[in-house]
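Have a look at the structure below before the remarks.
Everything numeric in this text was worked out from a predicted model, so none of it was measured. Naming: A, B, ... by sequence-line order, numbering from 1 per chain.
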2 protein chains.
Amino acid sequence: METRELVSEKTIGRLSLYRRLLSGLLAKGRQNIYSHELATLSGGTAPQVRRDLMAIGYSGSPSKGYEVADLSESINSFMDNPDGTRGIIVGAGNLGRAIMAYFEGRRPKLKIVAAFDNDPNKIGSEICNCPCCDMAYLKTTVAQMGISLGVITVPANRAQEVGDKLVDAGVTGILNFAPIRLHLPPNVYVEHVDLTTSMEKVAYFVQSNKDSDVAGA
Amino acid sequence: METRELVSEKTIGRLSLYRRLLSGLLAKGRQNIYSHELATLSGGTAPQVRRDLMAIGYSGSPSKGYEVADLSESINSFMDNPDGTRGIIVGAGNLGRAIMAYFEGRRPKLKIVAAFDNDPNKIGSEICNCPCCDMAYLKTTVAQMGISLGVITVPANRAQEVGDKLVDAGVTGILNFAPIRLHLPPNVYVEHVDLTTSMEKVAYFVQSNKDSDVAGA
DNA sequence: AAGAAGCTGTGAACTTTTTCACAGATAGCA
DNA sequence: TGCTATCTGTGAAAAAGTTCACAGCTTCTT
């Protein structure tokens, strides 16, 4: 009944990138684009782009390629919840506040509407146009505002507890920045953004470059 | 001559997680651990853990499993550059400063030693014990301090230019937080952390959960 | 001392993801 | 009109990553 579950996580990630690139092109007045051009912009390959668009049932035209505006709109309607998606963030420390600032106004259909923290100095203040609330109000806020997404930016030792509270409150998708893996029911989608691992991966591959002098472009 | 290039990027990522988990266990006085326990902690499977450790040539013992301290040390010596890895960050905005704070003192062999920005108000100041310098000094700093890693936290429209400057200065690994794909020579390792995509993926899978009520655990 | 239990290491099977390669389509041109 | 060039859509092949399943080892128990 739903084609949705059939589209892989990786494809979803790339579609998100494509539509962002397409927005940029659209702003520059670009009308059409070929798969190999989108591939270059997105750092992928042409067949991959075509496969990804095939996954959402989008068709281009031979020799004109894809229509930028139309494709962009198709990705939107495939990915966005028409009613919008509302999220909250738990942990209003440096990282939490930076992420709120980063996302503010980025997509019309996806908004962070409240922050939560347990620091009395933060509670009651406003961060990036969002109220910062006491954790005690998490469950009622989620229910009242129809929140489905939670962002976790608390320290590692509090992350599991916060994840449990979010799930208990009814959140079904979590973006976790804490450097541990959360244990949550399988119907909750969890995306781990592990900054330490990302950094250490780069450090590792830097080192291996150094060992073996690479020859040629 | 080097086993290093044979270990996949995914395995490196998991090793980074394993050693972090092992540090935690070590601090609690834990001595031994089985593959299935590490699997639970890391959100993977037991055979996967064993395969990953096989990749670095580490052997456990049947019925005792792996020695926590020894395994942790083995991963360190596999992943860390013995001379340490020094990095710089370009872009001292909200996100850049949050990331500096996040990494400060996290690993002895991996340090961010300087920040760069083009805002005159920031230049000359100190952020998380790092000097914030003018972009003009990037190249000489990289050379003088033996920097091999760069973190990009500038807006999308400046990211490619910053990437080019980093590579020109001699950096061979980049952690990019700007929401575009960088075009750089193939000998430079680039890790993209795309916060927008991560968020949009969660939003997408949240929505698809809602469509089809999941039955059972 | 011998059997039971439960682990690791790993070849082989399987699954997922990516890439290839080409039929079919469209537009431009002579 | 017919030829050429170049694109898309996609079956099939290849590659990458994961899981299975079991031989072999070690310890514990009786």
Side-chain angles (χ1 to χ4, degrees), chain A residues 3-18 22 25 30-68 70-72 74-75 78 181 186 189 192 197 201 205, chain B residues 3-18 22 25 30-68 70-72 74-75 78 181 186 189 192 197 201 205:
Chain A
T3 39
R4 200 156 270 142
E5 276 287 59
L6 303 174
V7 178
S8 79
E9 213 175 305
K10 297 210 168 180
T11 293
I12 297 298
R14 285 188 298 258
L15 287 170
S16 156
L17 177 57
Y18 299 155
L22 291 168
L25 293 168
R30 182 70 174 274
Q31 301 226 322
N32 295 92
I33 191 164
Y34 296 125
S35 62
H36 64 88
E37 297 175 288
L38 250 188
T40 302
L41 290 170
S42 67
T45 66
Q48 186 166 67
V49 170
R50 297 202 296 273
R51 272 261 189 279
D52 288 336
L53 301 189
M54 203 171 104
I56 63 167
Y58 191 83
S59 276
S61 100
S63 110
K64 281 217 214 78
Y66 305 97
E67 281 182 48
V68 175
D70 189 46
L71 173 54
S72 177
S74 290
I75 298 177
F78 179 81
R181 287 304 178 271
Y189 179 86
H192 290 277
T197 288
K201 273 170 76 175
F205 286 105
Chain B
T3 39
R4 198 155 272 142
E5 276 287 59
L6 303 175
V7 177
S8 79
E9 212 175 306
K10 296 208 168 182
T11 293
I12 296 298
R14 284 187 299 259
L15 287 170
S16 155
L17 177 57
Y18 298 156
L22 291 168
L25 293 169
R30 181 71 174 274
Q31 300 227 321
N32 295 91
I33 191 162
Y34 296 125
S35 62
H36 66 87
E37 296 176 288
L38 250 187
T40 302
L41 290 170
S42 67
T45 65
Q48 185 166 69
V49 169
R50 297 203 296 273
R51 273 262 189 275
D52 288 336
L53 301 189
M54 202 171 106
I56 64 167
Y58 190 83
S59 277
S61 98
S63 112
K64 280 216 218 79
Y66 304 98
E67 280 182 48
V68 175
D70 189 46
L71 173 54
S72 177
S74 289
I75 298 177
F78 179 81
R181 286 304 177 272
Y189 179 86
H192 291 276
T197 288
K201 274 171 75 175
F205 286 106

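Under the rule for a side chain to side chain donor-acceptor pair (under 3.5 Å), the partners of B/E9 that lie at least two apart in sequence or sit in another chain are B/Y189. Here B/R51 pairs with nothing under the salt bridge (charged side-chain N to carboxylate O under 4.0 Å, His left out) rule; sequence neighbours left out. Listed by chain and number, the residues in a side chain to side chain donor-acceptor pair (under 3.5 Å) with B/S74 amount to none (sequence neighbours excluded).
The closest side-chain heavy-atom distance from B/L22 to B/I33 is below 4.5 Å.
A/I12 places its CD1 atom 15 Å from the C1' atom of C/dT17, with the value rounded to the nearest Å. Rounded to an integer number of Å, the gap from CG of B/N32 to P of C/dC7 is 13 Å. Between the C1' atom of C/dT15 and the NZ atom of A/K10 lies a distance of 13 Å, rounded to the nearest Å. Separating the CG atom of A/L6 from the P atom of C/dT17 is a distance of 12 Å, rounded to the nearest angstrom.
A sub-4.0 Å separation between OP1 or OP2 of D/dT18 and a side-chain N or O of B/R14 is present.
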- In 5'-to-3' order, the base (B), backbone-only (S) or no-contact (-) status of each nucleotide in nucleotides 7-14 of chain D, using a 4.0 angstrom heavy-atom cut-off, is BBBBBB--
Exercise answer: donor-acceptor pairs, residues 36-50 of chain A side-chain atoms, under 3.5 Å, sequence neighbours excluded:
unit_1 : atom_1 : unit_2 : atom_2 : d
A/E37  : OE1    : A/R30  : NH2    : 3.1
A/E37  : OE1    : A/Y34  : N      : 2.8
A/E37  : OE2    : A/R30  : NH2    : 2.7
A/T40  : OG1    : A/H36  : O      : 3.0
A/S42  : OG     : A/L38  : O      : 2.9
A/S42  : OG     : A/A39  : O      : 3.3
A/T45  : OG1    : A/Q48  : N      : 3.4
A/R50  : NH1    : A/S35  : OG     : 3.2

Below 3.5 Å, can you tabulate the donor-acceptor pairs from side chains in residues 58-68 of chain A to any protein atom, sequence neighbours excluded?
unit_1 : atom_1 : unit_2 : atom_2 : d
A/Y58  : OH     : A/D70  : OD2    : 2.8
A/Y58  : OH     : A/L71  : N      : 3.4
A/S61  : OG     : A/K64  : N      : 3.4

